[in-house]
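Source: prediction; values computed, not measured. First the proteins, then the strands, lettered A, B, ... as listed; each starts at 1.
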There are 2 protein chains.
Amino acid sequence: MTTAAPSSTRALDHPTRAEIRLEGVLHALSDPMRLRVVRQLAADDAGLGGLSCSQIDLPVTKSTSTHHFRVLRESGVIQQIYRGTAKLNGLRRDDLEALFPGLLDTVLTAATAQAERVSAP
Amino acid sequence: MTTAAPSSTRALDHPTRAEIRLEGVLHALSDPMRLRVVRQLAADDAGLGGLSCSQIDLPVTKSTSTHHFRVLRESGVIQQIYRGTAKLNGLRRDDLEALFPGLLDTVLTAATAQAERVSAP
DNA sequence: CTCCTCGTACGATAGACCTCGTAGTACGGC
DNA sequence: GCCGTACTACGAGGTCTATCGTACGAGGAG
């Protein structure tokens with residue numbers, strides 16, 4: 001069938017706040033590619049409301065990107081909304097902060113520190 | 001044996017502080033069993049200097065326990081020292097705090113919060 | 001309308017991971 | 001010296017993951 005999909009607004013499945021699990025979040029963040037995504041989203045976070053998938057630079061194919069975005073979404077780390085042909089991604093800061101206070105910022109700070117440490121002379 | 005193994009003090013391979021990677025730590029903490037180990041070690045941390053493997057209660061076989069302890073050690077989360085026939089485990093709080101300030105405590109707090117949330121009525 | 005871009009779905013593959021069981025080594029007690 | 005305890009090593013099974021390639025639907029640009 002082509003199936004009667006309500007095409008007005010394609011909706012995506014997100015876990016509710018209560019469904020977000022710490023192990024899932026940690027697992028999502030433990031992959032270098034996904035950590036990279038989260039860092040880029042965090043950098044943008046202050047200025048805008050979301051980045052499209054293609055705005056985020058990853059050294060993998062599109063299929064793999066889609067996979068990582070899905071893992072991030074299903075673990076509750078990011079939120080995805082369709083906007084025309086693009087899909088906007090944003091961190092679920094409020095939910096994460098309510099569930100695990102300070103976790104996201106601590107991980108982001110740690111990631112930045114490590115990046116500087118690794119690339120340091 | 002024939003091989004001259006210095007049996008005086010069996011040494012275990014630990015990563016140096018500089019070798020500890022954030023992704024490795026997050027991955028180590030993203031497994032429920034290992035998170036459980038870390039929580040028990042943290043609970044003991046104030047009182048003693050280490051718990052033997054068998055003092056930590058895990059619903060898996062010993063082989064599996066050994067595996068998880070190894071992952072925790074090789075990722076730099078815990079330190080292991082032989083003491084006679086037992087092996088004492090302790091968190092590497094200083095190293096983790098130096099590399100990723102606040103990370104361990106934030107995760108431990110989050111784990112406790114989630115445990116209460118899940119088992120709550 | 002036609003095309004082009006954005007992202008998805010599906011299948012495939014190779015590697016990692018969690019779990020276990022059995023056999024083996026190191027150390028302390030008798 | 002002999003045995004029991006504590007943990008390890010090795011191998012195996014089953015599942016999950018990361019990556020890719022190709023083919024497809026949805027929406028804007030011309």
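For B:Glu23, the side chain to side chain contact (heavy atoms under 4.5 Å, CB included) partners two or more places apart in sequence, or in a different chain, are A:Pro32, A:Leu35, A:Gln114, B:Arg21. Applying the side chain to side chain contact (heavy atoms under 4.5 Å, CB included) test to B:Leu99 and every residue at least two apart in sequence or in another chain returns A:Arg117, B:Arg17, B:Ile20. Judged as a side chain to side chain donor-acceptor pair (under 3.5 Å), and not counting sequence neighbours, A:Ser63 has no contacts. For A:Ala110, the side chain to side chain contact (heavy atoms under 4.5 Å, CB included) test picks out B:Leu22, B:Phe100, with sequence neighbours left out. Not counting sequence neighbours, A:Thr109 has no partner by the side chain to side chain donor-acceptor pair (under 3.5 Å) test. Every residue was checked against the side chain to side chain donor-acceptor pair (under 3.5 Å) condition with B:Thr85, not counting sequence neighbours, and none meets it. B:His27 pairs by the side chain to side chain contact (heavy atoms under 4.5 Å, CB included) definition with A:Ser30, B:Ser30, B:Arg34, not counting sequence neighbours.
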Could you list all N or O pairs between the protein and nucleotides 22-24 of chain D that sit under 3.5 Å apart?
| unit_1 | atom_1 | unit_2 | atom_2 | d |
| --- | --- | --- | --- | --- |
| D:dT22 | O4 | A:Ser63 | OG | 3.4 |

Show the distances under 3.5 angstrom between N or O atoms of the protein and N or O atoms of nucleotides 1-6 of chain D.
| unit_1 | atom_1 | unit_2 | atom_2 | d |
| --- | --- | --- | --- | --- |
| D:dA6 | O4' | B:Thr85 | OG1 | 2.8 |

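Summarising the geometry, the separation between CZ on A:Arg73 and P on C:dG7 is reported as 13 Å, rounded to the nearest angstrom. Here D:dG28 presents its C1' atom at 16 Å from OH of A:Tyr82, a figure rounded to the nearest Å. Atom CG of B:Leu29 is separated from atom P of C:dC18 by 13 Å (rounded to the nearest Å). With rounding to whole Å, A:Leu26 atom CG is found 15 Å from D:dT17 atom P. If you measure from atom CG of B:Leu58 to atom P of D:dC7, you get 12 Å, rounded to the nearest angstrom. Following rounding to the nearest Å, A:Arg83 (CZ) and C:dG7 (P) show an atom-to-atom distance of 13 Å. The CD-P distance, from B:Glu23 to C:dA16, rounds to 16 Å in whole Å. B:His27 places its NE2 atom 13 Å from the C1' atom of C:dG15, with the value rounded to the nearest Å.
Proximity of A:His68 to the phosphate of D:dT19: a side-chain N or O atom is located under 4.0 Å from OP1 or OP2.
Counting only residues at least two apart or on different chains, the salt bridge (charged side-chain N to carboxylate O under 4.0 Å, His left out) pairs with a member in residues 53-66 of chain A are A:Arg36-A:Asp57. Identified under the salt bridge (charged side-chain N to carboxylate O under 4.0 Å, His left out) test for residues 105-114 of chain A, with sequence neighbours left out: A:Arg93-A:Asp105.
Between the OG atom of B:Ser52 and the CZ atom of B:Arg83 there is a distance of 10.5 Å, given to the nearest 0.5 Å. Here the straight-line distance linking atom NE2 of A:His14 with atom CD1 of A:Ile78 works out to 7.0 Å at 0.5 Å rounding.
Within residues 30-40 of chain B, no residue has any heavy atom closer than 4.0 Å to DNA chain D.
The side chain to side chain contact (heavy atoms under 4.5 Å, CB included) with B:Ile56 is formed by just one residue from the set B:Val37, B:Val38, B:Asp44; it is B:Val37.
The residue B:His67 sits close to a base: some heavy atom pair falls under 4.0 Å.
Along DNA chain D, the nucleotide closest to A:Val60 and the one closest to B:Arg70 are compared, and the more 5′ of them pairs with B:Arg70. Where A:Gly84 and A:Thr64 each meet DNA chain D at their nearest nucleotide, the meeting point lying more 5' is that of A:Thr64.
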